Amino acid sequence: LDDLRSCGAVDQERVDYFIRQGYVLVPSILDAPFAAHVIERATAALKLMAGLPEPQAGVDYERDIDRATGRHALRRLSSVIERDAAFRAVATHPIVCEWARALLGDRSAELCLNRHNMMIVKPAYYGSENVWHADAGSWLNDRLISFMYLLDPATTVNGCLEVVPGSHRGGIPHEGKGFLDLTIPDNERWVQGSVPVEMQPGDGLFFHACLLHYSAANRSPQSRRNLVFAYAPSDAEAIDRHPRPLETMTL
Ligand SMILES: O=C(O)CCC(=O)C(=O)O
């Protein structure tokens with residue numbers, strides 16, 4: 001664990017911030033050569049997909065045809081840990097795992113195989129909005145946390161993640177739904193205190209399953225790619241109510 005002292009080692013101040021706010025940004029969580037390798041593998045994985053007929057299993061596409069390519073822009077690639085060793089190396093990296101254990105308060109934290117485990121692409125010009133939601137609303141499990149690892153700069157111009165600090169402490173106002181119904185005035189109030197989380201390639205963001213988040217459409221020429229994984233404490237399976245049972249891997 002010597003390398004925990006370089007890069008984005010766990011620090012108590014950030015752990016406390018996560019407990020209060022429901023999210024925490026860890027700049028350059030993994031070192032720059034590692035990030036460069038993952039970015040290269042992501043580009044290769046997307047290039048491979050771009051050469052295959054549509055639709056492909058485990059791939060979600062944007063609705064509109066990209067006029068430059070005559071194809072649908074790719075929006076999401078699932079089960080990434082099985083697609084490339086570099087993606088698995090992010091999800092199981094000792095630094096990331098130490099963070100997951102610290103934030104979950106559980107030394108036996110596990111990686112979720114069928115929650116997140118994907119690459120999100122908010123493609124240039126065609127990236128669509130991701131409406132306000134908390135992941136626990138569709139996961140039916142409020143014990144999990146997510147880890148987002150950035151592969152491109154994410155700013156308010158290309159649809160970075162926006163969050164409602166502290167919303168994880170208020171319960172889930174949309175249990176059983178994949179979105180927050182903003183026609184309900186009480187729900188509208190939740191998102192008034194939102195903040196954008198701008199990030200650079202190689203940065204990591206941990207966020208609680210009950211944290212409200214959103215991202216705007218990307219109409220800019222700059223894609224925004226990231227990996228996202230979920231981690232579970234060892235008791236998460238016992239309370240899981242999702243019809244597709246939670247599958248995890250020991251770290
Ligand atoms: O990256 C985004 O735009 C949304 C991500 C998201 O909703 C999630 O990771 O749960």
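Start at 1 and go down the list; that is how both ligands and their atoms are numbered. The shown structure was predicted, so the numbers you read here are calculated from the model rather than taken from an experiment. Scope of the values below: all heavy atoms of this structure, side chains included, with no hydrogens, waters or symmetry mates.
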Nitrogen or oxygen contacts under 3.5 Å, ligand 1 side and protein side:
from: ligand 1; atom 1: 1 (O); to: R224; atom 2: NH1; distance (Å): 2.9
from: ligand 1; atom 1: 1 (O); to: R224; atom 2: NH2; distance (Å): 3.3
from: ligand 1; atom 1: 3 (O); to: S215; atom 2: OG; distance (Å): 2.5
from: ligand 1; atom 1: 3 (O); to: R224; atom 2: NH2; distance (Å): 2.9
from: ligand 1; atom 1: 7 (O); to: H133; atom 2: NE2; distance (Å): 3.0
from: ligand 1; atom 1: 7 (O); to: H213; atom 2: NE2; distance (Å): 3.1
from: ligand 1; atom 1: 10 (O); to: D135; atom 2: OD1; distance (Å): 2.9
from: ligand 1; atom 1: 10 (O); to: D135; atom 2: OD2; distance (Å): 3.0
from: ligand 1; atom 1: 10 (O); to: H213; atom 2: NE2; distance (Å): 3.0

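- Aromatic ring centroids of W99 and H93 lie 6.0 Å or more apart.
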Acceptor/donor pairs from residues 203-217 side chains to any protein atom, 3.5 angstrom cut, sequence neighbours excluded:
from: D203; atom 1: OD1; to: S28; atom 2: N; distance (Å): 2.8
from: D203; atom 1: OD2; to: Q200; atom 2: N; distance (Å): 2.9
from: H208; atom 1: ND1; to: C210; atom 2: N; distance (Å): 2.9
from: H213; atom 1: ND1; to: H133; atom 2: O; distance (Å): 3.4
from: H213; atom 1: ND1; to: L211; atom 2: O; distance (Å): 2.9
from: H213; atom 1: NE2; to: H133; atom 2: NE2; distance (Å): 3.0
from: H213; atom 1: NE2; to: D135; atom 2: OD1; distance (Å): 3.4
from: Y214; atom 1: OH; to: E129; atom 2: OE2; distance (Å): 2.8
from: S215; atom 1: OG; to: K122; atom 2: NZ; distance (Å): 3.1

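- Counting only distance, with no hydrogens or angles, the side chain of N114 and the backbone of P245 share a donor-acceptor pair below 3.5 Å.
- Qualifying side chain to side chain donor-acceptor pair (under 3.5 Å) partners for S220, counting only residues two or more places apart in sequence or in other chains: N218.
- Under the 6.0 Å cut-off for aromatic ring centres, Y23 and Y17 qualify, their centroids lying closer than that.
- The side-chain contact (heavy atoms from CB on, under 4.5 Å) test applied to T183 returns D181, not counting sequence neighbours.
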